[in-house]
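Below is one structure, written out as structure tokens; comments come after it.
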Amino acid sequence: MSSLYSTVPSGDAAVKAASTLPIIDIAPWIDGHDHKGRLSAAAAIHAACLEFGFFYLDVTSFVSPEEPEELSRLAREFFALPQEEKDKISLNNQDHARGYQRLRENVTMGLADNHEAIDFYRPVENPDKGKVLWGENQWPNIPEFLDKYEAWIDRMKALGLIVMHAMAMGLGMTDAEWEDLKAQVDDSFWVLRILGYPPLPNDDQGFSCGAHKDYGCLTFLWADRTRGALQVFLPQQFLAVENPGSVIRQEGIEEGIWITVDPIPGCIVCNIGEMWEVWSNGLYKSTLHRVIHRGSNYRVSIPFFFEPNFDAEVAPLEAARRIQRDLHLVTESHHTHKQVLEKIYEPVVYGDFLREKVNNNFVTGGGKYN
Ligand SMILES: N=C(N)NCCCC[C@H](N)C(=O)O
Ligand SMILES: O=C(O)CCC(=O)C(=O)O
Ligand SMILES: [Fe+2]
């Protein structure tokens, strides 16, 4: 039996699927009053979330191409420092979440990941480094590092609200419903992660980053030009589908393929996290992805996680339930569809969910602090 975590991308199906990942231009959401343009971008995001949980965002109207290049240069400067210099901002000096993690210190599904990283989170008012997630960010002592990254964080926060608004429109939410949703993300407990990936040795069966779903709301990933590193899992049932809106994803399906998602200039890769799975009551699935970086270069990627507010109570949205009921009317009503329709996701407090995840993420410190 093929398992989720062992299938590799290969053959025509993989190529077809990869070329299908849509590119959605956010320009209509940046300039002026192009209502039609906004509607069609919103519809494209909705379709992409139903089918893939992943899409490219063309952000040329929003960020200059030099900006992330500069961030990547600063990241490389940090990762090139001697180990003891990097350890000066170790997450273990702080709250076991904010700071630098050595190569193989991060763990996914019980296996060490072949990457090093720095994590920054939204600052909190009364920092307490004895409380997981509640300490202070630790910035490398490199000229311009802080300023350049803070500018990027501001821009990505703004992008988060734009994409959330587009998604609300894509789900057919009323203005009042959007205001309610917005109140759950308007003080986002965001995370910025800077990742460095040395090549995975050819004889190493492990992962640069093991298969996982992102935790929250929206991930905006900028990555350098390295190809063939990021892979996204596509369930088999979606491969030959003309109209994804007519399919309801089934629970526990393990058949599918891993497709490669390479960087496209001017675009960032966007995917939805587990909180969107709850809001959409499973209509949108947060998609498994992983990184396998072989080859010879040192890869850098910079994901920004636009997350709900720490205290947000995330529960299925009425707009998603309306769509699910409509889908039920137009699709053959067999057993599985009935089950999906009747299943209501349990509400989650985002901060509790995140703390649980972070507690299990590291070789060191994990689970010791609460
Ligand atoms: N904030 C986010 N989404 N970080 C993603 C890290 C995923 C790997 C992590 N070790 C895990 O097992 O979840
Ligand atoms: O480096 C990448 O391309 C993806 C990283 C990732 O999935 C994550 O940090 O959550
Ligand atoms: Fe991820």
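As the structure is a prediction and not an experimental result, all values here were calculated from the model. Whatever order the structure lists ligands and atoms in, that order sets their numbers, starting from 1.
- Note that Lys343 lies in the cation-pi zone of Tyr345, set by a 6.0 Å cut-off to the ring centre and a 45° limit from the axis.
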> When you look at His115 and Arg193, which way does the side chain to side chain contact (heavy atoms under 4.5 Å, CB included) test go after all the steps?
Replying inline: CA-CA 12 Å; His115 64 243; Arg193 189 160 166 77; 3.1 Å; yes

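- Between Tyr350 and Phe353, the ring planes lie tilted relative to each other; the angle falls in the 30° to 60° range.
- Cation-pi check for Arg122 over Trp190 is not met; the charged atom does not lie both under 6.0 angstrom from the ring centroid and within 45 degrees of its normal.
- Glu274 and Lys357 are joined by a salt bridge, as a carboxylate oxygen and a charged side-chain nitrogen come within less than 4.0 angstrom of each other.
- Here Asp95 does not pair with Lys129 in a salt bridge; the nearest charged N to carboxylate O distance is not below 4.0 Å.
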Give every pair made of an N or O atom of ligand 2 and a protein N or O atom lying under 3.5 Å apart, one pair per line with both atom names and the distance to 0.1 Å, or write 'none'.
residue: ligand 2; atom: 1 (O); partner: Tyr197; partner atom: OH; Å: 2.7
residue: ligand 2; atom: 1 (O); partner: Arg299; partner atom: NH1; Å: 3.0
residue: ligand 2; atom: 1 (O); partner: Ser301; partner atom: OG; Å: 2.7
residue: ligand 2; atom: 3 (O); partner: Arg299; partner atom: NH1; Å: 3.3
residue: ligand 2; atom: 3 (O); partner: Arg299; partner atom: NH2; Å: 2.9
residue: ligand 2; atom: 7 (O); partner: His212; partner atom: NE2; Å: 3.2
residue: ligand 2; atom: 7 (O); partner: His289; partner atom: NE2; Å: 3.0
residue: ligand 2; atom: 10 (O); partner: His212; partner atom: NE2; Å: 3.1
residue: ligand 2; atom: 10 (O); partner: Asp214; partner atom: OD1; Å: 3.1

> Can Lys148 and Glu70 be said to form a salt bridge (Lys or Arg N to Asp or Glu O under 4.0 Å), step by step?
Replying inline: CA-CA 8 Å; Lys148 295 270 155 91; Glu70 177 69 3; 3.7 Å; yes

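- In this structure, Lys182 does not pair ionically with Asp175, as no charged nitrogen and carboxylate oxygen lie closer than 4.0 Å.
- With respect to the salt-bridge test (charged N to carboxylate O, under 4.0 angstrom), the residues Glu177 and Arg322 qualify.
- The angle that His289 NE2 and Asp214 OD1 make at the Fe ion (ligand 3), rounded to 10°, works out to 100°.
- Shown are Arg102, Lys86, Gln101; of these, the side chain to side chain donor-acceptor pair (under 3.5 Å) with Glu116 is made only by Lys86.
- Among the atoms of Cys209, no N, O or S atom is found under 2.8 Å from the Fe ion (ligand 3).
- For ligand 1, residues of the protein lying within 4.0 angstrom by heavy-atom distance are Asn106, Val107, Thr108, Asp113, His212, Asp214, Tyr215, Phe305, Asn361.
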